[in-house]
Amino acid sequence: MDFKKYYPLIPMFIISVILLAVRLAAPELSQIVSLALFYVALGEAFNIFTGLTLYVCFGYVAFVALGMYGSGLALKYILATSNPPLVTTILFSFAVAGFFAFILALVVGSIGLRLRGAFFAIATVGLSEGLKNFIEGTGIWGGSSGLIIAGDLISSYGHETYVFVSTELADYLMFAVYVLSLLVMFLITKSRFGYGLTALKEDEDVANVMGVNTVRYKLMTFVISAALAGMIGATKMLKDLVIYPPQAFAISYTVEAIVITMLGGLGTVTGPVIGGLVYSILKYMLTVSFPGLQLLILAPVLIAVCVLFPYGIVGWVKRRFRGTLIDYLLV
Amino acid sequence: MTEGKVLKLENIETGYRGVQVLWGVNVDVGPKEIVAVLGPNGAGKTTLMKATMGFLKVWKGSIIFLGRDITKIPSHERVKLGITLVPEGRSIFPNMTVEENLMMGAYMYNIKKDHRVIEMLEVVYNLFPILQERRSQKAGTLSGGQQQMLAIGRALMTNPKILLLDEPTLGLAPKLAGEVLNTVAKLRDELGLSILLVEEKVLLATNIADRIYIMNQGRIEHEFLKEDLTKKEEILQKYIGF
Amino acid sequence: MAQTKALAITILVAVVFAALGYLAGQMTAPRTGATVTVTSYATVTSYVTVSRTVTPTTSPVAVPEKITIGLTLGLSGAYSYASTQGLRGIQIAVKWINEVYGGINLGGKKVKIELKYYDDQSNKELVPSLYEQLIKVDKVDFLLGPYGSPLVFVAAPVAEKYGKLMINWMGTSDVIHEQGYKMIVMVSTHSGSQMKPAMEMVKSLDPNAKVAIIYKEDEHNRLLAQGAREAAKQLGLQVVFDKSYPVDIKDFTPIFTEMATYKPDVIVICPHEADGILAATQLAELNINAKLMIMGFVPSLASFKRALGNLAEGWAGTNQWSVGASYTPDDAKALGYEWFGPTEEEVLNLYKQIAPPEDFPSEHTGAGAAAVLILAKAIEKAQSLDPQVVRNTLNTMKVMTFYGPFQIDPTTGKQIAHKEILSQWQQGKFVPIWPPEIALSKPVYPIPTWDEKRQGKQAVPS
Amino acid sequence: MSEELLKLQEISKSFGGIRALKNVSLTISIGERLAIIGPNGAGKTTLFNVINGVYKPDTGRVFFANVDVTDLPAFKRTRMGMARAFQIPRPFPTMSVLDNVMVSALFAGKFKSVGEARERADEVLELVGLANKKHELAVNLTSPEKKLLELARALAPKPKLLLLDEIVAGIPPAEVDRIMLLVRNVSEKENIAVVALVEHVMRVLKYVERVIFLHEGRVLMDDKPEKVLSSETVKNIYLGRIYD
Amino acid sequence: MADPGYLAFYIATGLLLGTFYGLATVGLSFTFGILKILNSGHGSFIMIGAYVSYWSFVILGLPPLVSALLAFLIGFMLGLGLYYGIVSRILGGPELISLVLMFAMGILLQEFAKFVWTPTIRGFTWDLGRVSLFGYAYPTTRIVGGVVSAVIALGLYIFLYRTKVGRAIRSVVESAEGATLCGVNVNRIYAISLAIALGLTIASGGLATLYVSGGIEPYMGDPYTTRAFAIAVLGGLTSPFGAFIAGLLFGVIENLSYVLLSLTNVANPFSMTRFIAFAMILVVLLVRPQGIMRR
């Protein structure tokens with residue numbers, strides 16, 4: 001009887017299947033799909049925290065970067081000490097990546113989430129920059145020389161596997177992380193937890209009076225979102241097989257995550273999917289068609305979208321078709 | 001009746017985000033008159049004030065000020081014409097000094113050259129000596145009653161022809177509330193201002209008002225003219241709704 | 001409730017299994033066929049089906065209409081200046097081959113080169129997909145690497161996957177060629193060796209010189225400094241100060257002030273473009289003098305000279321190549337290399353046609369041009385468009401262009417012949433001063449102080 | 001009627017030098033219905049905020065169901081069975097009416113699954129007469145409807161103590177009786193203690209068993225409604241203000 | 001190293017750098033305080049200022065301090081256009097939208113600069129000699145620049161506290177409703193505020209050339225954005241003067257932490273100064289979330 005609740009999964013399922021089908025059927029598009037998957041997953045993971053609580057973490061990229069470092073270190077370590085099957089290696093690196101991001105989120109969240117709204121946002125401005133400079137300054141984890149594991153992978157598993165991991169496996173893992181974050185987001189919104197978060201988003205004080213443990217809920221969402229970001233980082237590491245602090249902690253990831261969620265619709269499950277697809281395809285198309293001028297075109301397009309769709313594409317559609325089937329199916 | 005009115009609200013309908021709050025409200029204020037709008041919480045009194053001031057777009061009906069239709073004029077222009085509001089939350093500038101607050105009221109005058117500013121400041125200080133005493137104190141440090149006086153004082157500095165007062169006694173001790181309303185009466189008697197007053201303290205309001213409207217659920221339900229104001233029991237009954 | 005959960009789980013499981021199923025297929029296939037090695041890639045190329053085991057011959061090949069070369073560069077973003085300069089070099093080389101040389105001689109026919117490039121925004125995100133676009137959609141025959149080592153790392157898997165040859169021209173990190181890539185070949189000197197000639201020169205000028213090393217905290221300059229440090233140690237030079245500065249530097253005052261207290265004779269700075277020019281102007285501003293100041297490639301830039309004016313006098317820069325420091329056919333003959341490509345004069349002429357008048361070529365221009373020239377020469381020698389055949393040909397090639405000699409380590413693709421050149425601003429010209437075999441002038445040591453230069457004094461060799 | 005549910009001991013609370021509550025002590029039994037009256041600024045809302053944990057008292061203790069809850073945060077007290085309807089309704093504006101009530105049932109009550117909570121929410125909305133508006137966004141309700149929603153949210157978790165802050169202010173007279181009757185019925189049926197803050201005491205007089213008169217942060221009277229209303233002091237201070 | 005002049009030099013140059021940091025952050029605080037817009041493209045405006053300064057020097061021969069005025073005017077016009085053209089349309093929308101908008105604006109400016117002026121690195125030398133104190137040479141340009149920055153900050157103070165429009169701006173910050181009731185056209189005040197904020201930011205970009213006289217390129221602004229954010233936080237986010245004081249403090253922290261770290265022989269002291277500065281901001285926020293200036 002409660003099947004209806006899961007109907008909105010249908011459009012998401014269709015989108016995912018299409019993405020997968022394109023990836024399988026058209027190898028020449030595989031890297032575009034992988035690019036899109038990265039942005040979609042990033043947007044969705046970001047959305048879990050920001051969309052559900054309206055708190056913004058400006059240092060969000062730190063979790064992606066820590067995921068990259070976690071998985072990179074794990075790979076480096078495991079490949080140097082033993083030579084287990086590829087699956088074990090990768091699972092281990094994922095676990096470490098998630099754990100790194102989880103711990104950071106726990107520390108930052110339990111201290112920082114006492115701050116309300118804008119203050120939390122600005123408190124986290126320095127998070128990614130500070131961490132980056134710490135890694136560069138102390139020289140840990142390779143410092144500015146970076147952490148490079150391409151060679152380790154080649155010498156342990158051979159050239160074929162290296163190519164496979166970077167150009168195939170990483171993409172499917174990114175797909176898995178994307179599906180995971182989509183499902184997490186969806187299940188949260190339909191659960192008791194989700195109701196509590198919506199209440200918190202609308203009026204934090206009243207939610208508290210009504211029995212919602214607001215501090216814990218915020219922290220839980222933050223940690224979940226961060227752990228997913230860590231896994232995105234781990235996948236990214238498998239794809240790039242190299243990490244340098246300036247690239248890993250690029251502030252543009254945070255901003256792009258914000259752009260994607262805002263483009264799609266903040267707080268909606270499908271928003272980041274649409275936003276991520278639109279953003280990545282737009283960016284890619286412009287790059288291919290207007291080499292060197294693409295940003296000059298992308299920026300005005302973004303500005304126009306801000307002015308025309310302040311609530312995002314999904315938000316706009318939902319407002320436009322309130323109460324219809326479309327509104328119901330797009331969550 | 002129509003001639004010589006300072007303010008006339010005709011058939012006002014308005015609301016928020018698609019929800020209608022006011023349903024065809026007619027209110028008018030004559031020269032040197034205190035008109036009180038009474039009614040329970042949520043009756044739409046504050047909405048009426050906001051619509052008059054232009055903070056809220058009027059869906060239907062018109063606002064006539066001194067014979068001129070001002071329905072479509074932006075708020076700050078209305079202030080320049082001579083309407084101003086002392087809002088419910090007072091909206092004073094807490095981090096500015098008392099005198100700076102008052103001078104903000106005289107924003108549209110040339111503060112240094114216009115003699116009217118000095119005169120108005122004197123009038124305000126005469127009305128509220130306590131403000132002169134605390135002129136260089138930050139407004140946020142004043143007590144509730146003093147802040148209310150400051151808000152009225154600031155409104156007077158705009159040299160208005162009509163003053164809208166939204167619950168000036170809210171949160172004030174009974175004695176203070178009485179004092180504030182006495183001052184309001186003085187504004188009429190000494191400065192010749194017209195006043196539209198929203199109140200919940202019914203009987204305090206009947207003491208100074210020239211006319212009373214009872215508002216409920218976005219509609220004016222009764223109007224008591226000057227000669228009816230002695231029937232306090234009846235007003236109270238209408239107000240409480242027994 | 002149970003039903004609904006079951007539905008959710010079913011969907012999840014279905015999706016995951018779909019992915020895993022495909023994965024499993026992918027995973028097992030190459031691993032079982034691991035012994036086949038790279039031969040399988042030969043089938044990717046549609047033009048020729050030369051098996052790897054067959055040695056390249058001049059037997060007639062299906063000659064295409066044109067040969068396309070593809071790459072991405074950071075035309076916007078942090079690498080935009082260097083990338084623009086590099087692109088100009090690439091365009092010059094393509095133009096020279098097509099118009100002056102007439103095209104690549106393939107089976108007796110002159111085949112023209114076509115260039116296809118994209119802007120990667122100096123960001124690794126788009127690099128893999130753009131390289132795939134180049135290979136699969138634009139069907140380019142050969143690849144040039146993107147600008148910058150971090151991006152080369154990200155482009156590498158795609159090139160390796162499709163078995164495309166990638167000529168790396170400005171991903172100078174030594175580590176790239178230590179990974180085990182098969183299809184990546186370098187034309188420029190690696191970061192770790194770039195500072196060595198400079199230290200040798202210092203040793204010859206003043207064996208007791210106190211050296212200060214200041215480097216940018218990034219992968220390239222860290223390697224540069226490391227090379228300098230090691231060379232100094234080998235040569236027995238005294239390093240009195242050795243510290244890095246952060247990437248986002250906007251004010252050098254703290255580090256320069258500390259360095260000045262050590263009173264170094266030679267200041268060695270390892271920077272990128274903007275911070276290099278910044279470092280020079282701030283040294284002048286703070287009036288910190290030394291007997292010699294050496295920097296990475298920055299002094300060779302037009303903007304360096306423009307920003308400093310006469311203050312540029314005496315600054316030495318170590319470059320892959322710079323205007324005036326070109327090799328000539330005579331050098332090639334003397335050093336035992338085969339000559340290929342335009343002379344410096346031709347390069348400068350072609351450069352003038354595409355660049356604004358105030359600019360002149362930098363080492364990026366040279367490297368970009370050299371990459372195209374080496375590739376063209378290799379294709380011509382191999383008489384084949386099969387990437388693997390061309391790759392094998394490169395192993396034995398000993399060619400010199402205006403940019404310098406080319407010879408690689410066959411297994412890693414590392415550049416072993418090309419050397420950095422030291423030049424110095426002397427009397428308004430950037431003159432090669434080291435190594436002696438290519439030097440046109442003697443080093444000025446000590447150089448004039450800032451105050452002297454402000455009064456118009458120039459660095460004049462004795 | 002004898003077992004005590006809520007006990008306040010010597011509660012004091014000041015804000016920036018103004019003492020809003022001065023040594024307030026009172027006890028409320030299970031299932032009891034009482035009204036707290038007093039002029040504006042008497043400290044009624046502050047008292048509520050101390051009871052349900054929005055404020056911590058400066059001195060004094062609060063006991064609920066024989067547990068010292070003085071240091072417990074608001075949400076924990078709510079889970080123990082306190083429910084509050086705000087004076088100025090604060091619904092979650094862009095959630096539907098049903099969702100609003102569901103949040104309350106899910107978090108304050110024992111309804112741990114979304115399905116159960118929905119059933120309970122439907123039930124309560126039916127009870128207060130908002131069932132036909134349950135899919136509206138809360139922001140689109142009229143003022144009286146928002147009050148009803150506030151009440152529904154308070155009732156949804158099946159509380160032991162219902163704190164009603166000016167529940168009938170701004171409600172048309174005809175509705176007042178319906179709401180108060182409803183409150184009384186629920187209270188009797190489920191043995192819920194009700195504390196109502198009211199300014200216009202006459203409206204709710206016949207539905208309460210006890211009236212506490214608060215003035216300037218002190219409890220001046222605590223007695224049967226008729227007694228309090230007939231008291232001279234109360235008249236002087238409270239009604240006297242109206243008849244100023 | 002026991003030389004007192006050494007330490008004094010670090011503090012003094014830190015303060016001088018701080019005046020620039022302060023001025024570069026004032027505009028950011030101003031926009032956030034009044035319009036609640038977080039200017040994520042802040043650095044790009046500074047970059048534009050640096051170009052204005054460069055071109056005025058090269059073409060018109062104006063020293064950077066004079067061209068700062070020109071830069072201010074350009075920023076002012078840009079701000080007015082931006083407000084009436086775009087910003088006023090998104091004021092009612094979700095808060096994060098302004099962040100995306102300004103980010104896109106920043107990219108647009110960068111790409112515009114790259115397109116018009118090419119990515120070539122520009123630079124010029126403007127030398128007024130040095131002042132020698134305790135054996136250390138202080139570049140005169142920096143001293144003059146510091147004085148000018150302080151004068152501009154003082155000018156802003158006078159503008160806000162002594163002029164009619166300034167009072168109106170302050171009143172809008174405290175209560176937009178109250179200001180309207182005094183006859184203030186709030187919309188126009190928003191426009192003027194954005195114009196002044198961008199004017200100051202671009203002017204500060206002009207002064208930035210006193211430091212980065214040799215590193216002017218389209219992407220030079222990015223490091224300033226994060227730094228300005230951090231400084232704004234330190235100064236309480238909404239207070240322009242808090243921002244200025246915080247800028248001074250930040251400059252001194254950067255320089256002093258370098259001295260301390262260089263004594264302890266940490267691997268890369270200069271990079272660590274960045275970490276220390278950001279870590280300090282986290283601590284400040286936890287202890288005093290309202291910034292250093294507010295009560």
Side-chain angles (χ1 to χ4, degrees), chain A residues 1-3 5-6 9 13 16-17 20 24 27-32 34-35 38 86 133 136-137 143-146 148 150-151 154-155 158-169 172 175-176 179 183 187 239-242 244 246-247 250 252 283-284 287-288 291-296, chain C residues 1 3-4 7-8 11-12 15-16 18-20 22-23 26-27 30-31 33-34 37-38 72 75-77 117-121 123-126 128-133 135-137 149-150 153-154 156-158 160-161 173 175 178-182 216-219 221-223 244 246-247:
Chain A
M1 119 279 156
D2 229 11
F3 260 124
K5 202 167 95 175
Y6 293 97
L9 274 177
F13 182 73
S16 310
V17 166
L20 196 62
L24 293 177
E28 68 270 21
L29 295 177
S30 71
Q31 296 305 312
I32 310 175
S34 120
L35 178 79
F38 169 67
L86 186 61
N133 286 306
E136 285 184 346
S144 58
S145 307
I148 300 151
I154 292 176
S155 59
H159 190 266
E160 293 289 321
T161 314
Y162 149 78
V163 167
F164 167 69
V165 165
S166 176
T167 59
E168 309 261 342
L169 182 68
Y172 295 108
F175 183 78
V179 170
L183 284 177
L187 291 177
K239 182 150 191 63
D240 296 352
L241 297 166
V242 63
Y244 292 114
Q247 273 92 14
S252 63
K283 192 171 164 180
Y284 188 79
T287 305
V288 171
L293 294 178
Q294 72 272 47
L295 289 178
L296 203 57
Chain C
M1 270 313 285
Q3 278 174 322
T4 57
L7 178 75
I11 294 173
L12 175 68
V15 170
V16 169
L20 283 181
Y22 185 74
L23 274 186
Q26 291 284 318
M27 238 172 185
R31 279 187 86 76
T37 66
V38 220
T72 77
L75 294 178
S76 40
Y117 65 91
Y118 295 121
D119 175 11
D120 57 39
Q121 297 157 32
N123 190 331
K124 68 185 157 91
E125 240 46 72
L126 286 168
S129 39
L130 289 174
Y131 270 89
E132 194 160 77
Q133 166 95 12
I135 295 168
K136 296 298 288 184
V137 181
S149 303
F153 272 114
V154 183
V158 184
E160 297 277 304
K161 178 182 181 186
S173 171
V175 223
E178 287 160 14
Q179 304 298 317
Y181 300 137
K182 294 181 170 150
K216 190 179 189 176
E217 188 64 61
D218 68 5
E219 39 80 31
N221 290 305
R222 176 165 266 278
L223 286 170
S244 73
V247 179

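The chains referred to below are lettered A, B, ... by the order of the sequence lines, with proteins before strands, and numbering in each begins at 1. Since the model is a prediction, treat every value here as computed from it, not as a measurement. Any value given below was found using the heavy atoms of this structure, including those in side chains, with hydrogens, waters and symmetry copies removed.
The main-chain N or O of A:G151 is never found under 3.5 Å from a side-chain atom of C:E178 such that the two would form a donor-acceptor pair. No donor-acceptor pair under 3.5 Å is formed between the side chain of A:Y244 and the backbone N or O of C:S149. For A:Q31 (side chain) and C:E132 (main-chain N/O), no donor-acceptor pair under 3.5 Å exists by modelled atom type.
Each of C:V137, C:V175, C:N123, C:L130 has some count of heavy-atom pairs under 4.5 Å with chain A, and the biggest count is that of C:L130. The choice from A:L29, A:L296, A:T287 that makes the most heavy-atom pairs within less than 4.5 Å of chain C is A:T287. Annotation: maximal heavy-atom pairing with chain C below 4.5 Å, among A:I32, A:L295, A:L293, occurs at A:L295.
For C:L223, no part lies near chain A; criterion is any non-hydrogen pair under 4.5 Å. With a threshold of 4.5 angstrom between heavy atoms, A:E136 approaches chain C through its backbone and through its side chain. Contact of C:N221 with chain A is not made at all, since no heavy-atom distance falls under 4.5 Å. Neither the backbone nor the side chain of A:S34 comes within contact range of chain C; no heavy atoms are under 4.5 Å apart. Looking at A:V288, the atoms closer than 4.5 Å to chain C (heavy atoms on both sides) sit in the backbone and in the side chain alike. In this structure, the portion of A:S252 lying under 4.5 Å from any heavy atom of chain C is its side chain and not its backbone.
Among A:D240, A:V163, A:T167, the single residue meeting the side-chain contact (heavy atoms from CB on, under 4.5 Å) criterion with C:P157 is A:T167.
Partners of C:E219 under the side chain to side chain donor-acceptor pair (under 3.5 Å) rule, at least two apart in sequence or in another chain, do not exist in this structure.
The distance from atom NZ of C:K161 to atom OG of A:S166, rounded to the nearest 0.5 Å, is 9.0 Å.
Residue C:S129 comes nearest to A:Y284 through the heavy atom pair O-OH, 3.2 Å, listed as atom of the first residue, atom of the second, then distance.
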Open item on the list: As a quick check of understanding, evaluate side-chain hydrogen bond (donor to acceptor under 3.5 Å, both in side chains) for A:Y162 and C:Q179, giving each step before the final call.
Closed with: CA-CA 11 Å; A:Y162 149 78; C:Q179 304 298 317; over 6 Å; no
